[in-house]
Every structure is written in C-alpha cells, then in structure tokens.
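Scroll down for the structure; my scribbles are underneath it.
Note that the numbering runs from 1 along the sequence shown for the chain.
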Amino acid sequence: FIQMKIELQSLGNSTPKLSDITLYYSRVNTPPLLVDVKVGRNEKFEKRNKINMEKNDILIYWDAYDEDNDHLVFDLYFKNELVDGWQEISKGLEKRYFVFNRYTVLEGSYQFKVTVDDRHNNISGENYSANAISKSYPIDNTAPEVVDFIASDKNRLTFNVRDKMS
C-alpha cells in the first residue's frame with residue numbers, strides 16, 4: 001500500500017505537470033525451509049555431489065529451500081542422546097552435506113541438528129533461520145567380540161558373538 005499527497009503549483013500561465021515518480025521497495029523476506037536431515041550412506045547422493053567417502057565416514061545431508069532464492073548458510077551440531085546440549089561440528093557451511101568421521105566421537109546414539117540461515121541476503125533483524133534434527137543414529141566403533149569358544153573332538157566349533165551396541 002502506498003499513499004502520497006502531491007501538491008502542484010503553477011508558475012504563471014503554465015499548467016503544472018508531474019512526469020515521473022520513482023519508488024523503492026524491499027521485498028518482505030520469507031523464512032527458509034529445512035527438511036529431512038538424514039544420516040548414513042547414500043550412493044546416489046554421493047555420486048551426484050562427487051563426495052569421496054572413506055570407510056569410517058558418515059554422511060549427513062539435508063534438503064533446504066528458500067522462496068526468495070536467498071543464499072543459505074548452514075550450521076551443524078551433534079548430540080549424544082545421553083547428554084544434554086548440542087556440540088558444534090561446523091558453522092557457515094554452504095554445501096548441503098557434511099562428511100563426519102565416526103571415530104571422532106564415543107560410541108552411542110547420536111542426533112544431528114542443522115540450522116539454516118539467510119543472513120547473507122538480508123540485513124540484521126530481517127534474516128530468518130530454521131532448524132531440523134535427524135533421527136537417532138547409532139555409532140558403534142568396537143568390533144564384535146567372540147566369546148565362549150569351544151572346540152570339540154568331533155570337528156565342531158561353538159562360540160558366541162557379542163556386540164557392545166547390540
């Protein structure tokens with residue numbers, strides 16, 4: 001909505017004339033949308049994004065959209081489900097994924113939180129952010145253990161296998 005009052009005055013016999021009005025406006029920013037934080041291997045996604053995964057790597061990836069086509073920046077956090085509080089993994093990410101080495105944390109069940117922000121295209125106070133949290137993801141860094149190993153004289157072996165996380 002624009003409202004203006006224009007008063008024109010004539011100088012002598014000429015009729016006042018308004019020939020041009022220039023208006024400047026700023027589009028109202030809309031918040032970004034962040035959906036589907038996923039954790040785990042995804043060969044199709046890895047190929048499409050040319051991601052080189054190592055044996056001990058975990059892929060964390062997400063979808064984000066911005067109706068205004070603002071440049072989006074992502075911050076990534078993790079949390080052991082037995083501990084309160086989020087730990088920062090990385091800030092200011094521009095890609096929509098992160099490769100995480102599972103040996104950088106203790107064993108347990110973890111969640112990953114991604115925060116998206118459109119601060120690069122909007123002035124302070126007019127930028128928006130959103131976040132989403134992954135489902136629980138188990139990180140098991142210990143190999144299974146063979147126990148109760150018994151060799152009988154009839155060419156028979158019996159044993160049990162235990163896994164700490166199972």
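Expressed to the nearest 0.5 Å, how far OG1 of Thr115 lies from CG of Leu34 amounts to 8.0 Å. Atom CD1 of Ile139 sits about 8.5 Å away from atom CZ of Arg102, to the nearest 0.5 Å. Tyr137 contributes atom OH, which lies 12.5 Å from atom OH of Tyr110 (distance to the nearest 0.5 angstrom). Here NZ of Lys47 is found 11.5 Å from CG of Asn42. Values are rounded to the nearest 0.5 Å. Rounding to the nearest 0.5 Å gives a distance of 9.0 Å between CD of Glu88 and CG of Leu76. Rounding to the nearest 0.5 Å places CZ of Arg41 at 11.0 Å from OH of Tyr61.
Tyr128 places none of its side-chain heavy atoms less than 4.5 Å from the side chain of Thr30. The closest side-chain heavy-atom distance from Glu54 to Asn56 is not below 4.5 Å. Between Val99 and Met53, some side-chain heavy-atom pair lies under the 4.5 Å cut-off. When side chains are defined from C-beta on, Val39 counts as touching Ile58, because their heavy atoms get closer than 4.5 Å. The shortest side-chain heavy-atom distance between Val37 and Ile60 falls under the 4.5 Å cut-off. In this structure, the side chains of Lys79 and Ile133 stay at 4.5 Å or more apart for every pair of heavy atoms. Residues Glu46 and Leu59 form a side-chain contact, since some pair of their non-hydrogen atoms from C-beta on lies under 4.5 Å apart. Leu72 is listed as a side-chain neighbour of Arg96, based on a closest heavy-atom distance under 4.5 Å.
Shortest non-hydrogen contact noted between Ala151 and Leu157 is CB-CD2, 3.5 Å. Between Ala130 and Pro32 the shortest heavy-atom distance is CB-O, 3.7 Å. Contact record, Pro31 with Asp66: C-OD1, 4.2 Å, taken as the closest heavy-atom pair.
The aromatic rings of His71 and His120 lie tilted to each other, with the angle between the two planes from 30° to 60°. Using cut-offs of 30° and 60° on the angle between ring planes, the pair Tyr97 and Phe45 is perpendicular.
Checking side-chain atoms of Glu145 against main-chain N and O of Arg162 turns up no donor-acceptor pair under 3.5 Å. A donor-acceptor pair is defined here as one N or O able to donate and one able to accept, closer than 3.5 Å; such a pair exists between the side chain of Asn101 and the backbone of Tyr103. At least one donor-acceptor pair under 3.5 Å links the side chain of Asn141 to the backbone N or O of Val105. Ser109 contributes no side-chain N or O that, together with a main-chain N or O of Ser136, makes up a donor-acceptor pair within less than 3.5 Å. Using modelled atom types, one side-chain atom of Asp140 and one backbone atom of Thr142 make a donor-acceptor pair closer than 3.5 Å. Proximity of a side-chain donor or acceptor of Asn122 to a complementary backbone N or O of Asp118 within less than 3.5 Å is detected.
Defined by atom type and a distance below 3.5 Å, a donor-acceptor pair is missing between the side-chain atoms of Asp68 and Asn121.
Cation-pi geometry between Lys113 and Tyr77 is satisfied (NZ or CZ under 6.0 Å from the ring centre, within 45° of the ring normal).
Val161 and Ile150 are not part of a single hydrophobic cluster, where members link through side-chain heavy atoms under 4.5 Å apart. Both Leu18 and Leu23 sit in one connected hydrophobic cluster of ILVMFWY residues. Membership requires side-chain heavy atoms under 4.5 Å apart, directly or through other members. Tyr24 and Val28 end up in different hydrophobic clusters when Ile, Leu, Val, Met, Phe, Trp and Tyr side chains are linked at under 4.5 Å. Leu93 and Ile89 fall within a single hydrophobic cluster, where Ile, Leu, Val, Met, Phe, Trp and Tyr side chains are chained together by heavy-atom contacts under 4.5 Å.
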Using side chain to side chain contact (heavy atoms under 4.5 Å, CB included), reason through Ile21 and Ile6 one step at a time and then give a plain yes or no.
CA-CA 11 Å; Ile21 294 178; Ile6 300 172; 3.8 Å; yes
| request: Applying side chain to side chain contact (heavy atoms under 4.5 Å, CB included), run through Asn127 and Asp117 and close with a yes or a no. | output: CA-CA 7 Å; Asn127 60 311; Asp117 191 306; 3.5 Å; yes
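Taking the six-membered ring for Trp and the full ring otherwise, Phe74 and Phe98 have centroids separated by 6.0 Å or more.
Shown here is Leu106, whose CG atom has no more than 12 heavy atoms of other residues, nucleotides or ligands within 6.0 Å.
One finds a salt bridge joining Lys5 and Glu7 here, because a Lys/Arg side-chain nitrogen approaches an Asp/Glu carboxylate oxygen to under 4.0 Å.
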